[in-house]
Visitor: 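Below you will find the structure I want to go over with you.
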Protein chains: 2
Amino acid sequence: MSKVRNMEEFAALSGISRPTVSKYFNNPDSVRASTRARIEAALDLHDYRPNIFAMNQNRKLTKNLGIVVPYLADPFFAEIARNLEQRCIAAGYRPTLYSAHGKTETEIDILNDLRMLKPAGVLLAPLGRTSNRAEIEKFCKDVPTVLFDSNIEGVGAAFVGSDNASFINQSVEYLCRSGEPPFFFEMETPANPNARKRASAYVAKMEQLGLEPRIEQAKGEGWAFEEIGYQGAVTLLERGKMPTNTLLCSNDRLAIGVLAAFYEHGVKVGRDADCQMRVAGHDDHPFARFTGPSLTTVAHDYDTVANRSVEMLFDLIRNDGRFHTRLEVLFSSHLVLRASA
Amino acid sequence: MSKVRNMEEFAALSGISRPTVSKYFNNPDSVRASTRARIEAALDLHDYRPNIFAMNQNRKLTKNLGIVVPYLADPFFAEIARNLEQRCIAAGYRPTLYSAHGKTETEIDILNDLRMLKPAGVLLAPLGRTSNRAEIEKFCKDVPTVLFDSNIEGVGAAFVGSDNASFINQSVEYLCRSGEPPFFFEMETPANPNARKRASAYVAKMEQLGLEPRIEQAKGEGWAFEEIGYQGAVTLLERGKMPTNTLLCSNDRLAIGVLAAFYEHGVKVGRDADCQMRVAGHDDHPFARFTGPSLTTVAHDYDTVANRSVEMLFDLIRNDGRFHTRLEVLFSSHLVLRASA
DNA sequence: ATAAATATTTTACGCGCGTAAAATTCCAGC
DNA sequence: GCTGGAATTTTACGCGCGTAAAATATTTAT
């Protein structure tokens, strides 16, 4: 396994002209079978890998991909990012993972950085409300981009996400038929647009059932959802009376905070006779199984969303980075029954 | 803000020769003040950014850095990675974040990928026991690398981590003086070397206190620590008798699983009179505040470890990638008293 | 079998920038 | 004002590879 300096040298060793070797590395099937065989024979004899910088310099479209999430310290995004990353690698691309860390500025910085990498495409889960819409729009004009998780209307070539109405229908329906109707617990000013859609889906569903919707909002901004849920629940407890004995959280991380507050204040949660409250969430957060009590929630189909997102991006790339009309794909969810409700 | 194709064109527009402009971008202080002023004047007139691929092609040492963690879906690593990333960017580097996703193969793939990027340095938190030591050693010979979190003896130019003995001393001491001495709860075959060090530190500390050390091991491999902790605790409960009423977990993620199992089985955890068990952990996991009950643990000094790690790497880079002797820096920890013990 | 059509390889050039060596400018100090 | 040497700038070349166009080999149709 001798080291080879460059493609020139490797081409000489394999008895093929350099440009043909270049073609091979760009797409092994684009050279004659006999040529390919000779190259591959030389390849496991003379450990050589093309210089990635020289490769990307002249290529109009690289094999680079960007995966951008709003907050990587949230295991939900970490998990989906892992999924996406692996699928991209399997398809022969070089994904780079970025987190905006919840900051508008950082999100823009990432997109500017990404631009320099001439990526073939980008999978972007935007911050949402706090995103700089103009900047993202501009970026999407230059780089083929599929949005996921958070939709920004009209931005990007496509959106792949979960159907918030489906989430809410599942949770509200279950909670209503198994006990008191739920009141909805959310952040006052959520960054993520799904939160808003869930709230209105909740109202719609309750009205459809002929029930009065009730919403309680927790104060606080940012991405420390557990803390916000905790504080919000403490406020509710201090106020004394709950709208109903069933609390439906906009998402699981809020619910985790709520459960912590209830535990601390001796409020028994669950569906047993001696329980004072029921609590449910949405998303099926990786830790939702391990709360006390374990959290009843509604689950994304991680795999399907991840799979469809990358497939959508590959379609987009094959289609020269443009779709005739912006596509939206929404996936439905399934109830995960645990102890908390 | 007109677009400029390349450095040649930009140099012409600013009235400076291209190589001088190149020097400027490499280090703004390396050109005469008057020259610098002219370049910067042109810079905010003619939106230009050097092509990153062309830049890195000929440079012997790039401004790229690698940050590699074993498992990004673990919020502990997500949090520390964020810290490291921001510090690197602040210092003018371009860090790229990688996760081995708990897999030996992936870790090697990452290092091979990293090699192509000609990074100035790498911050590596290895998988630990399941790492391919030979491969990592080879990588560290070629690329200036600082290990963090998990030490691999003799590998890399330096190691920055936490002092496991300090962790154990704090927890054991506190638990002993506030109630029954703890038994130690750990995974049977932990990947992370800190686990082993904590176990032996536990034994040493107990013996020093004249107490009999007792260790219980949970079966299971991989990175699903909560699940392993949960199952381990269920096994303990089924067996019936606990060594003592105080369970000290090797890390918080195991403890989260244990707390879930105890909750489910109606075992009351905490230090109140009516509690049957006390549970404590190590690491101060981001979610440890929100367990039921909230988890007493021992905290890393995230900031200090992150800061020292990058400083160590920058020292290493300034020192041409070599230290005379391999350095090890360990930071001590502080007890975080919560409700569980 | 042979000419036309097609697939494949080669020739030739350039991408955008780093960097050594040469040329120039600069700033004392006299 | 002049000279020497350091600081700075310019000249000149090459990095490793992509890719259009030209040359060649291969296949197809007659």
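Lettering of chains follows the sequences in order, A, B, ..., and the numbering in each one begins at 1.
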Visitor: Counting only heavy atoms not in B/D320, do more than 12 fall under 6.0 Å of its CG?
Guide: no
Visitor: Considering only heavy atoms from C-beta outward, does the side chain of A/F76 approach that of A/H300 to under 4.5 Å?
Guide: yes
Visitor: Under the side-chain contact (heavy atoms from CB on, under 4.5 Å) test against A/L124, which residue among A/I136, A/V69, A/V155, A/D149 passes?
Guide: A/I136
Visitor: Using a heavy-atom cut-off of under 4.0 Å over every strand shown, decide if B/F10 touches base, sugar-phosphate, or nothing.
Guide: nothing
Visitor: May I ask you to say what A/R5 touches in the nucleic acid, namely base, sugar-phosphate or nothing, with a heavy-atom cut-off under 4.0 Å?
Guide: nothing
Visitor: Identify whether the distance between the nearest side-chain nitrogen and carboxylate oxygen of A/K103 and A/D109 falls below 4.0 Å.
Guide: no
Visitor: Which residue, A/N56 or B/K23, contacts DNA chain D at a nucleotide closer to its 5' end, judged by nearest heavy atom?
Guide: B/K23
Visitor: First and last nucleotide of DNA chain D touching chain A, 5' to 3', heavy-atom cut-off 4.0 Å?
Guide: D/dG16 to D/dT26
Visitor: Taking atom NZ of A/K138 as the centre, report whether more than 12 heavy atoms of other residues, nucleotides or ligands fall under 6.0 Å from it.
Guide: no
Visitor: Applying a 4.0 Å non-hydrogen cut-off, can you work out what B/Y48 is touching in the nucleic acid: base, sugar-phosphate, or nothing?
Guide: sugar-phosphate
Visitor: Judged by each residue's nearest nucleotide on DNA chain C, which is more toward the 5′ side, B/R32 or B/R49?
Guide: B/R49
Visitor: Pick one: which of A/L117, A/I110, A/V143 meets side-chain contact (heavy atoms from CB on, under 4.5 Å) with A/V122?
Guide: A/V143
Visitor: How sharply is the helix from C/dA1-D/dT30 to C/dT25-D/dA6 bent, taking the axes over five pairs at either end and rounding to 10 degrees?
Guide: 10°
Visitor: Determine whether the side chains of A/Y48 and A/E9 contain a donor N or O and an acceptor N or O closer than 3.5 Å.
Guide: no
Visitor: Are any non-hydrogen side-chain atoms of A/D113 and B/R94 less than 4.5 angstrom apart?
Guide: yes
